[in-house]
Protein chains: 2
Amino acid sequence: MGSILRATARILTRDGYEGASTNRIAEVAGVSVGSLYQYFPSKDAIVAALIDAHCEEMFEVFRRELAAVAGADLEAAARAVVAAQIEAHKVNPKLHRVFLEQLPKVGMLKRFHEIGRRSEALVRTYLEARREEMRPANLDLAAFLLVTTVEAVTHAAVIDQPERLDDPDFIPEVTALCVRYLAKGSGPPRG
Amino acid sequence: MGSILRATARILTRDGYEGASTNRIAEVAGVSVGSLYQYFPSKDAIVAALIDAHCEEMFEVFRRELAAVAGADLEAAARAVVAAQIEAHKVNPKLHRVFLEQLPKVGMLKRFHEIGRRSEALVRTYLEARREEMRPANLDLAAFLLVTTVEAVTHAAVIDQPERLDDPDFIPEVTALCVRYLAKGSGPPRG
DNA sequence: AGAATATGTGAGTGATCGCTCACGTTTGCT
DNA sequence: AGCAAACGTGAGCGATCACTCACATATTCT
């Protein structure tokens, strides 16, 4: 069963979604198609199980790195969130890409949206604990903006432009994007 | 030919990628499959043409709204960028979603990345013209972060959580995210 | 050992798909 | 009208796919 998931992941990362027929998955896993259907009711179920495992793994990396800075100040916490997202995206970037860019079924994406919502909840908890330091009145909106932003920027960097990560300004600048948005410090002069 | 593209767009928005077989496209367009292949060499070519048209339309909306504020101050320009991205995403949200979430071919996504790069160039031009007002030293990185951020936040809102757009804080807060990142105003106290 | 059960096999099924091609139909010219 | 080129047609081809099922093999009982 694990071998089926491992074979599927390998095919997806090497040949993309098109190469992942049930016969080929069975072949690479070293079992027969019949066996494959004893463990999974459908091809979609295999992919779904793989997505679930991948999402769980990414979220676990994210959550663990965040737990370490629950009491830290804003700057340190923001830097940790950014670094955590980068690490989470390094779990299996190729597989991550296939899931987000090649899966033709919409239902599959819901699983990714869910870890987004869970990440938002973690961040909102932090923001609420330090509410008096925060400029935004609507912390729900703030958490949404931050998580969406950091995820997008991280994703674009890790998946599409890995050379960005070599830029020593990358993490500090993304951190600044978050911190300057959140902190009360004087913004631009208000009209 | 236009009818083929229109039929394809309609099927994609109504039934998703799975429903868009060449026979069905021909049927909805009111032509025969044979005719379809006189205008397009392959099914992929139809989808590609549709993507190109869609991207061009979105970028044109974005570019036009931006041209109007080329000389405006940072706050106004940022607000315009945010509003422009929202408007661009309203061109055809359902089709946009299918393109980004259901197309199984990676090659198709390159076309979306290209308008991202073009948007970055527009933004960078503005940033460079006002370089002395900007805090970030690396305006290339700044343009990348801003465009990626505003696109992601806008996309998430328009496509997945349209109720966000009803929040009167939405545009101001996204604008604040950009302006506070860019402006020289005192950031958080530096260690 | 032998029956009963669980597990594994892979050729084959039916359905779908992108695409072709032999054949009509229309159009525009002389 | 007569012809030819351009345009349109749709049954059907070959390929592929997810999935099944009759059968073989392995395992666990008594």
Side-chain angles (χ1 to χ4, degrees), chain A residues 1-54 95 97-111, chain B residues 1-54 95 97-111:
Chain A
M1 225 209 71
S3 72
I4 294 171
L5 291 178
R6 248 176 288 120
T8 307
R10 197 167 131 208
I11 295 170
L12 286 176
T13 56
R14 288 160 80 101
D15 309 319
Y17 187 77
E18 305 238 300
S21 71
T22 49
N23 283 310
R24 192 148 147 61
I25 290 171
E27 182 193 332
V28 173
V31 299
S32 69
V33 221
S35 281
L36 190 150
Y37 279 91
Q38 276 182 354
Y39 294 109
F40 297 96
S42 69
K43 181 186 168 180
D44 280 2
I46 301 174
V47 176
L50 207 55
I51 292 181
D52 283 344
H54 176 77
L95 190 59
R97 181 189 207 122
V98 172
F99 285 153
L100 288 179
E101 299 187 353
Q102 291 188 47
L103 283 200
K105 325 263 184 174
V106 193
M108 302 291 183
L109 280 177
K110 300 232 167 109
R111 296 155 196 275
Chain B
M1 226 207 73
S3 71
I4 294 170
L5 291 177
R6 248 174 289 119
T8 307
R10 196 166 132 209
I11 295 169
L12 287 176
T13 55
R14 288 159 80 103
D15 310 318
Y17 186 76
E18 305 240 298
S21 71
T22 50
N23 283 310
R24 192 148 146 61
I25 291 171
E27 181 192 334
V28 173
V31 301
S32 67
V33 222
S35 282
L36 190 151
Y37 279 92
Q38 276 183 354
Y39 294 109
F40 297 95
S42 69
K43 180 186 169 180
D44 280 3
I46 300 173
V47 176
L50 208 56
I51 292 180
D52 284 344
H54 177 76
L95 191 58
R97 180 188 207 123
V98 172
F99 285 153
L100 288 179
E101 299 188 351
Q102 291 189 47
L103 283 200
K105 323 264 184 174
V106 193
M108 302 291 183
L109 279 177
K110 300 231 166 112
R111 296 154 197 276

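Quick note: numbers below take in every heavy atom, side chains included, and nothing from hydrogens, waters or symmetry partners. Here the structure is a predicted model, which means the values were calculated and not measured. First the proteins, then the strands, lettered A, B, ... as listed; each starts at 1.
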By the 4.0 Å heavy-atom rule, please label B/Ser21 as base, sugar-phosphate, or nothing. sugar-phosphate
Verdict with reasoning, B/Thr22 to B/Tyr37, per side chain to side chain contact (heavy atoms under 4.5 Å, CB included): CA-CA 9 Å; B/Thr22 50; B/Tyr37 279 92; 3.3 Å; yes
Side-chain N,O (A/Ser35) to OP1/OP2 (C/dT9) below 4.0 Å: yes
Nearest-Å distance, CD (B/Gln38) to P (D/dA6)? 11 Å
Which comes earlier along DNA chain D counting from the 5' end, the contact point of A/Gly34 or that of A/Glu18, where each point is its nearest nucleotide? A/Glu18
By the 4.0 Å heavy-atom rule, please label B/Ala45 as base, sugar-phosphate, or nothing. nothing
What is the distance, rounded to the nearest whole Å, between atom OH of A/Tyr39 and atom C1' of D/dA18? 20 Å
Cation over ring face, B/Lys43 and B/Tyr17, 6.0 Å, 45°: yes
Nearest whole Å is fine: how far is C/dC17 P from B/Asp44 CG? 15 Å
Can you check the A/Glu27 CD to C/dG10 P distance for me, whole Å? 11 Å
If I take atom CD from residue A/Gln102 and atom CG from residue B/Leu109, how far apart are they, to the nearest 0.5 angstrom? 9.0 Å
Taking CD1 from B/Ile25 and P from D/dT9, how many angstroms apart are they, rounded to a whole number? 16 Å
A/Tyr37 OH to C/dG10 P: how many Å, rounded? 16 Å
Closest to the side chain of B/Ser32, out of C/dT9, D/dC19, D/dG10, is D/dG10
In this structure, how many angstroms lie between the C1' atom of C/dG10 and the CG atom of A/Asn23, rounded? 9 Å
Salt bridge or not for B/Asp15 and B/Arg10, using N-O below 4.0 Å? no
How long is the line joining CG of A/Leu36 and C1' of C/dT7, in whole Å? 14 Å
